[in-house]
Amino acid sequence: MSKIILVVEDQADNRKIIRDMLRRSDYKIIEAENGEEALAAIGKQRPDLILMDIQLPIMDGYEATRRIKADASLRAIPIIAVTSYALSGEEKKAREAGCDDYVPKPFSPRQLLAKIRQYLF
Amino acid sequence: MTSVGGVAASPQRKKPPQALLGIFNNLSIQIKASIASVLLLICLLGLGANAYLTSTRSAEGLRVLTNELIPKQQAFSQANEAVVATHMKIFRYVSWASNGVSHTLLDPLHAEINADLDKLSYRIAALARRPDLSASERKSMQELLSQWQICKEHAKDTIDVGESDAAMATMMLGQTDETFKAVDATFQNLSNAISETARGLTNRLYSDAEVNKNLVILVTIIGFLISGFVAIIVGQSIVRPIEAVTDAMQRLRNRRDEIGRMVEAIEVFRKNIIDRHAMEQTLTEAIEAISEGFSLYDADDRIAVCNTRYKEMFSYGRETSMVGTPFRTIVANAVGLIADAQSDPEHWIAERVAAHRNPGAPHLQHRTDGRWIRVSERRTARGGVVATYADITELKHREAELDNLVHEIAVARDAAEMANRAKSQFLANMSHELRTPLNAILGYTELMADSAYGELSEEMLEVLKRLEANGRHLLGLINDVLDLSKIEAGLLVLELSDYCVQDIAQTVRSTLEPLAAEKKLAFKLELARELPPGHGDGRRLTQVLINLVGNAIKFTDAGEVVITATATDGSFLLSVRDTGPGISLDDQTRIFQEFQQADNAITRKKGGTGLGLAISKRIIEMHGGRIWVESQPGQGSTFAFTLPVTIERQVMRA
């Protein structure tokens, strides 16, 4: 059974790039455009990994991550923060919120794929 | 003299002189002085009385001598001389008669002798009747009178006979001479007796004078001795105790304990009393010299001291004495001067008097003439109040000016802060907005190049590579501009964590080695064998090193690029050495400034924003390190920086 990746990203282009990037792999993708949608999607189907954008409307990535990590049954799901706040203290803040890893934007699809493979064998 | 004050009243028995001295010592100084004066007075009175008595007696003696004895003796002598002269006339008459001198000469002489004899009889009788004769003289005179009667008869008989019978007269003359001699002898005896009396009197006067002289000397000596003795006793009874007190004080003063300090204090107090007048003078002058109004009120709230300035501040004349004026009076008179008192004078006076009696913090008085007076009042230990009135009108004006200035500055600062916040927000937005489309561009490009959308021709691959390179360059520019802007806005925060210099160097090499290889440059790492683990912002340090190595590769056409790293005394020393064209001395100082390469032709050819070195410099300085370049044109360049191995917090820009 193929692994499920939840992509939380408000930019359609970025969602498409990730989708295209993963097209030739056997990962199954579900998408959410903000934190609330992400939580709803997880409620329907438990993903194996989450790519979390931080700057999101309605509920941002920090808050969504904190809620997921606060749930004992979901805590084990690895969350990779993908954000363009590359400069001051974003990585630290993301890890404090509970993200397991961090990829700055603009990301190279090749590198992001390598990072995903570290968590999903 | 063995004790001071009451100690003399010791119960021990003493010998009388000592006991007397003891009693004397216990007498008051006044009584001692009185006793001495009385003794001296007695000496003087005795001397005076003695002088009076002796001089009275001498005067009496002299009077007797001159008024009685000498005239009496003269009377006797003159009478005796007259008797002798008559005797000689008789002798001459008899001599003339026996030599046959004529009667013309003899008769007058005869008559003269008779007259003389009668006169002498009268004179001697008168002498015998003198009242001042003594008993023995009176007796002698009685004898003389009888002798004179015989002598007179013999003389008359002799000259009467001489008229007729010279020989008989000569014979009778012998008897006559005898009687005259008897009279003369008696006169001599009387005269001698009087002389004797006079001599006795003279001798007594002499001896009196002698005794008197000796007495004066004696009494003077005794008086001198008494006064000397008394002076010594009185002096000692005054000086000794004072000396004893002084000695005792001196001994006590040498002590280092509380008593010693107390005695010192007493000494100081004594000197203070002596200097008090001078001090008062100095104090008055000092108070007068104070530029502020000064006043001291006593416990009854009346002025004890104030200076001219104070008087002026309450419109009193310079010459007016305010001493003794109650505070309430002064305040009531001042109502017209005080702006704050205009609305309700009575209330203001009451408030002011109450505040004066219980002074708090200094307060300000606004005067009707526009001046501002700062009133500072304090209670004194004796229950009075000391007050200073400082004219701070100038200060007040400056304060107002300053307040305006501060307000303006605050407004400007608020505006600046608002602008800065807007700028920060703008930067954050730009960061996101610029990168988001770029992310898409680069992402699609990479996916296409990886044949995610089907196989591509060589030419298309080449175009995609250029697309990616330009996109990455644009990303670099955006990152640099954003970094520098954040640094300028103070928004760049170091993320401190442990790092490893070797790892950083390896990361840099793996990132840039392909670039070096393209230009056929050797890329070397010369790292010290044992480098300590560092603590700082590893990602930022990587950024610095990538920037330096990137520049080195960019500007070097042949040779090598070398990263070196050593650690000494808690500091890393890292450098990037190249064999490029080198940098002139002028440019060496310029290149660390922002945008210095932006106008440079080389930069345009080589690419880059010219911000890399400025950002690197800031990052190293935020770590507490220092960055510099060593270079000579044609000799290559070495960019080096030091860095504390461990930093606890970032260094803020001054």
Side-chain angles (χ1 to χ4, degrees), chain A residues 7-27 29 33-34 51-57 60-62 80-97 99 101-117, chain B residues 424 427-454 464 468 471-476 478-497 510-511 537-540 542-543 615 618-619 622 650:
Chain A
V7 178
V8 190
E9 168 67 68
D10 61 332
Q11 296 287 327
D13 273 320
N14 287 343
R15 286 204 300 277
K16 178 172 161 54
I17 287 167
I18 292 171
R19 225 170 25 238
D20 291 349
M21 174 185 86
L22 296 175
R23 198 160 54 185
R24 280 180 295 177
S25 67
D26 61 348
Y27 297 126
I29 292 173
E33 292 188 18
N34 59 56
L51 296 177
M52 181 75 79
D53 187 12
I54 296 300
Q55 272 215 312
L56 296 169
D60 70 10
Y62 295 134
I80 299 172
V82 182
T83 181
S84 59
Y85 278 160
L87 286 181
S88 49
E90 287 307 313
E91 182 174 352
K92 198 173 166 206
K93 271 165 85 178
R95 286 189 189 277
E96 276 168 7
C99 294
D101 215 324
Y102 177 88
V103 173
K105 280 182 184 177
F107 58 87
S108 152
R110 239 175 269 146
Q111 284 171 6
L112 182 59
L113 192 59
K115 187 73 87 180
I116 291 169
R117 289 208 163 109
Chain B
S424 299
L427 280 171
N429 292 343
M430 284 302 280
S431 173
H432 187 69
E433 299 303 326
L434 287 174
R435 279 181 232 225
T436 300
L438 203 54
N439 193 32
I441 291 168
L442 288 170
Y444 284 128
T445 307
E446 192 181 308
L447 285 174
M448 279 175 80
D450 284 354
S451 307
Y453 305 105
L464 280 178
E468 189 182 356
R472 295 226 167 265
H473 188 208
L474 180 60
L475 182 64
I478 291 169
N479 284 345
D480 277 359
V481 170
L482 289 175
D483 271 1
L484 197 68
S485 303
K486 284 197 170 185
I487 290 170
E488 289 300 325
L491 294 171
L492 187 78
V493 179
L494 294 183
E495 288 174 36
L496 302 181
S497 61
S510 62
T511 309
D537 191 335
R539 211 167 58 82
R540 288 288 172 193
T542 307
Q543 183 186 351
I615 293 168
R618 298 290 171 77
I619 290 171
M622 284 170 84
Q650 74 186 61

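Chain identifiers are assigned alphabetically (A, B, ...) following the order of the sequence lines, protein sequences preceding nucleic acid strands; residue numbering begins at 1 within each chain.
Taking chain A as the reference chain and counting heavy-atom pairs below 4.5 Å, the highest number among B/Leu442, B/Leu475, B/Leu438 is found for B/Leu475. Contacts with chain A were tallied for B/Asp537, B/Leu494, B/Asp450; B/Asp450 has the most, counting heavy-atom pairs under 4.5 Å. Contacts with chain B were tallied for A/Arg23, A/Gln11, A/Arg110; A/Arg110 has the most, counting heavy-atom pairs under 4.5 Å.
Atom-to-atom distance recorded for A/Asn14:CG and B/Thr436:OG1 is 7.0 Å, nearest 0.5 angstrom.
Residues satisfying the side-chain contact (heavy atoms from CB on, under 4.5 Å) criterion with B/Leu447, sequence neighbours excluded, are A/Ile17, A/Asp20, A/Met21, A/Pro109, B/Ala452, B/Tyr453.
Crowding of A/Gln111 atom CD: a count of heavy atoms from other residues, nucleotides or ligands under 6.0 Å not exceeding 12.
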Any chance you could lay out the side chain to side chain contact (heavy atoms under 4.5 Å, CB included) test for A/Ser108 and B/Arg472, step after step, and finish with the verdict?
CA-CA 11 Å; A/Ser108 152; B/Arg472 295 226 167 265; 4.3 Å; yes
